[in-house]
Amino acid sequence: PDKVVAETKKIPLKITKEEAGKRADLRGKTIITIDGADAKDLDDAVSVEKLPDGNYLLGVHIADVSHYVTESSHIDKEALKRGTSVYLIDQVIPMLPKILSNVICSLNPMTDRLTLSIDMEIDGRGKVVNHKIYESIIRSKARMVYGDVSDILEHKSAELIEKYRDIYPDLLLMDELAKILRNAREQ
């Protein structure tokens, strides 16, 4: 609708220094998105670190749409009517205007983005021993696709390992933690 389009045009494309200064700055961390090859709205990203005590720090970073879409705004009301994005074989009918879902809120690599983050400290048995939820700013280091991650971790693709050599150690750590979590779930 016209009111949604008009409201969307008022949304700034750049993050202000003031807003960035209010948030935890995670732009130096290795944070990646992993989605389907044809995904355009990259709305979540992950990071993992091994802590000195042997625990893992798993970070999940979600695009902070609420920063741009205020409650009861025209965009909010239209999104509420739609309920969700609809994915058809050859097109997407988005819940939000494409400029929001595919650009401003999409966690594209090497681009600063506002996010809501949760850090979960997980022990070697897969138990979450601590967590923290907070507003953040990130800069994703890579846009991964499921098939490539699978080929790296399961098939040890030398070509892909070389292509993603900067984040390869992080992918191995994510795989290590995933196995611990899978084992804990099975137990």
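Keep in mind that the numbers below use all heavy atoms, side chains included, and drop hydrogens, waters and symmetry copies.
One finds the NE2 atom of H61 at 4.0 Å from the CD1 atom of I31 (value rounded to the nearest 0.5 Å).
The pair K29-E49 counts as a salt bridge, with a side-chain nitrogen and a carboxylate oxygen less than 4.0 angstrom apart. Salt bridge present: D112 and R139 bring a charged side-chain N and a carboxylate O closer than 4.0 Å.
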Applying side-chain hydrogen bond (donor to acceptor under 3.5 Å, both in side chains) to Y168 and E162, what does each step give before you reach the verdict?
CA-CA 8 Å; Y168 180 61; E162 175 59 26; over 6 Å; no
Expected list for residues 178-187: side-chain donor-acceptor pairs under 3.5 angstrom, two or more places apart:
| from | atom 1 | to | atom 2 | distance (Å) |
| --- | --- | --- | --- | --- |
| K179 | NZ | D175 | OD2 | 3.2 |
| N183 | OD1 | Q187 | NE2 | 3.4 |

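L88 belongs to a hydrophobic cluster whose other members, connected by ILVMFWY side-chain contacts under 4.5 Å either directly or through intermediates, are V86, I93.
Residues T115 and L107 meet the side-chain proximity criterion, which asks for heavy atoms closer than 4.5 Å. With a 4.5 Å cut-off on side-chain heavy atoms, L26 and I137 do not count as touching.
Results of the side-chain contact (heavy atoms from CB on, under 4.5 Å) test with I75 over T70, I11, L80 single out I11 as the only residue that passes. Tested against I161 for a side-chain contact (heavy atoms from CB on, under 4.5 Å), the candidates L171, L172, D151, I152 yield a single pass: I152.
Y56 and D123 form no side-chain donor-acceptor contact under 3.5 Å, judged by distance and modelled atom types alone.
Contact between D35 and R143 at its shortest, heavy atoms only, is O-NH1, 4.3 Å.
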